[in-house]
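What follows is one structure encoded as structure tokens, with my remarks underneath.
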Amino acid sequence: MALLAESLVEEWLNRNGYFTIRGVKQGLGEMDLLAVRPQAEGVIGWHVEVTVSFRPIGYIAREPAGSPGGKSSYVRKRDSEQIRACARTWIDAKFRSPAKVRLRTELWPGVAWSFHLIHGAVRYTDELEAFAAEGVTCHPFYELLSDLSKPGERSFSGSAGGDLAEIIGYYKSVQAPIG
């Protein structure tokens, strides 16, 4: 599922004029997608993480190791401060770690990166609010799929997700209304 979702996200970015690099390795970590697009005022950079689930059982951000609740603590209900703390820890690991900052800077010096999360169904929406409060733009996967299925002019298509996007567009164009 993760590879299919990432392929569709990459296609969406490509069609919106971004050049993408997928699966950038950094030590034991990985960045799902890095996307850049030239503008008149400089280059726009997006660091995109993709977490798509259709039947979520818990939080996106797990509690740090050694916290109360053990390994399965991502399904235990949290108060707002715990949600914010876990979100901050997750964001630090996914986007703000010194190694990831260094690698992005080496790849494209001078680019100011924005952070983006593409998500599917979410059990606890207050977690998305915590991500947004920390500067992460959250994009629902269904909006991306809707955008991919729209006919019209597109910048370019260059990823493996292009065929998947065409299938989605076809399905949407022939789908009989329900009801």
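These numbers come from a predicted model, not from an experiment. Throughout, residue positions are numbered sequentially from 1 according to the sequence presented.
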query: What is the distance from atom CG of Asp32 to atom OG1 of Thr20, rounded to the nearest 0.5 Å?
result: 12.0 Å
field: Ionic contact status for Lys94 with Glu30, cut-off 4.0 Å
entry: no
message: Main chain of Ala85, side chain of Thr89: is a donor-acceptor contact present, judged purely on distance under 3.5 Å?
response: yes
message: I'd like to know if the side chain of Arg37 and the backbone of Asn16 have a donor-acceptor N/O pair within less than 3.5 Å.
response: yes
- request: Determine the minimum heavy-atom distance between Ala61 and Trp90, stating which atoms define it.
  value: CB-CB, 3.4 Å
query: Would Arg22 and Ser7 satisfy side chain to side chain donor-acceptor pair (under 3.5 Å), going step by step from the backbone distance to the final call?
result: CA-CA 9 Å; Arg22 191 162 128 196; Ser7 291; 3.0 Å; yes
task: Would you check, one step at a time, whether the test side-chain contact (heavy atoms from CB on, under 4.5 Å) holds for Val36 with Trp113?
output: CA-CA 9 Å; Val36 293; Trp113 293 89; 3.7 Å; yes
field: Separation of Arg123 CZ from Arg55 CZ (nearest 0.5 Å)
entry: 14.0 Å
Qualifying residues under side chain to side chain donor-acceptor pair (under 3.5 Å), relative to Ser114, sequence neighbours excluded: His116
- line: Note: Leu148 and Arg15 closest approach over all heavy atoms is O-NH1, 3.4 Å
query: For the residue pair Pro56 and Ala121, what are the closest heavy atoms and their distance?
result: CG-O, 3.4 Å
task: Would you check, one step at a time, whether the test side-chain contact (heavy atoms from CB on, under 4.5 Å) holds for Trp12 with Leu145?
output: CA-CA 8 Å; Trp12 176 68; Leu145 292 175; over 6 Å; no
- prompt: Between OH of Tyr124 and CD1 of Ile83, what distance do you get to the nearest 0.5 Å?
  reply: 8.5 Å
message: Over 60° means perpendicular and under 30° means parallel, so tell me whether Trp46 and His139 are parallel, tilted or perpendicular.
response: parallel
query: When you measure from the side chain of Asp147 to the backbone N and O of Glu143, does any donor-acceptor pair fall under 3.5 Å?
result: no
- request: Check whether any side-chain N or O of Asn14 sits under 3.5 Å from a backbone N or O of Tyr18 as a donor-acceptor pair, and report yes or no.
  value: yes
task: Rounded to the nearest 0.5 Å, what's the gap from CZ on Phe95 to CD on Glu134? Could you check?
output: 11.5 Å
- request: Name all residues meeting the side chain to side chain donor-acceptor pair (under 3.5 Å) criterion together with His47; count only those two or more places apart in sequence or in a different chain, and write none if there are none.
  value: Glu49, Arg104
Cationic tip of Arg78 above Tyr59 ring, under 6.0 Å, 45° of axis: yes
query: Of all residues at least two apart in sequence or in a different chain, which pass the side-chain contact (heavy atoms from CB on, under 4.5 Å) check with Ala99?
result: Gln26, Ser97, Arg102
task: Just jot down the salt bridge (charged side-chain N to carboxylate O under 4.0 Å, His left out) partners of Lys100, sequence neighbours excluded, or say none.
output: none
message: I need the Thr51 OG1 to Glu6 CD distance, nearest 0.5 Å.
response: 9.0 Å
message: Just verifying a value: how many Å separate Leu13 CG and Leu8 CG, rounded to the nearest 0.5 Å?
response: 11.0 Å
- prompt: Which class fits the ring pair Trp108 and Phe19: parallel under 30°, tilted 30 to 60°, perpendicular over 60°?
  reply: perpendicular
field: Any residue meeting side chain to side chain donor-acceptor pair (under 3.5 Å) with Glu106, in chain and number order, not counting sequence neighbours
entry: none
task: Name all residues meeting the side chain to side chain donor-acceptor pair (under 3.5 Å) criterion together with Glu81; count only those two or more places apart in sequence or in a different chain, and write none if there are none.
output: Arg84
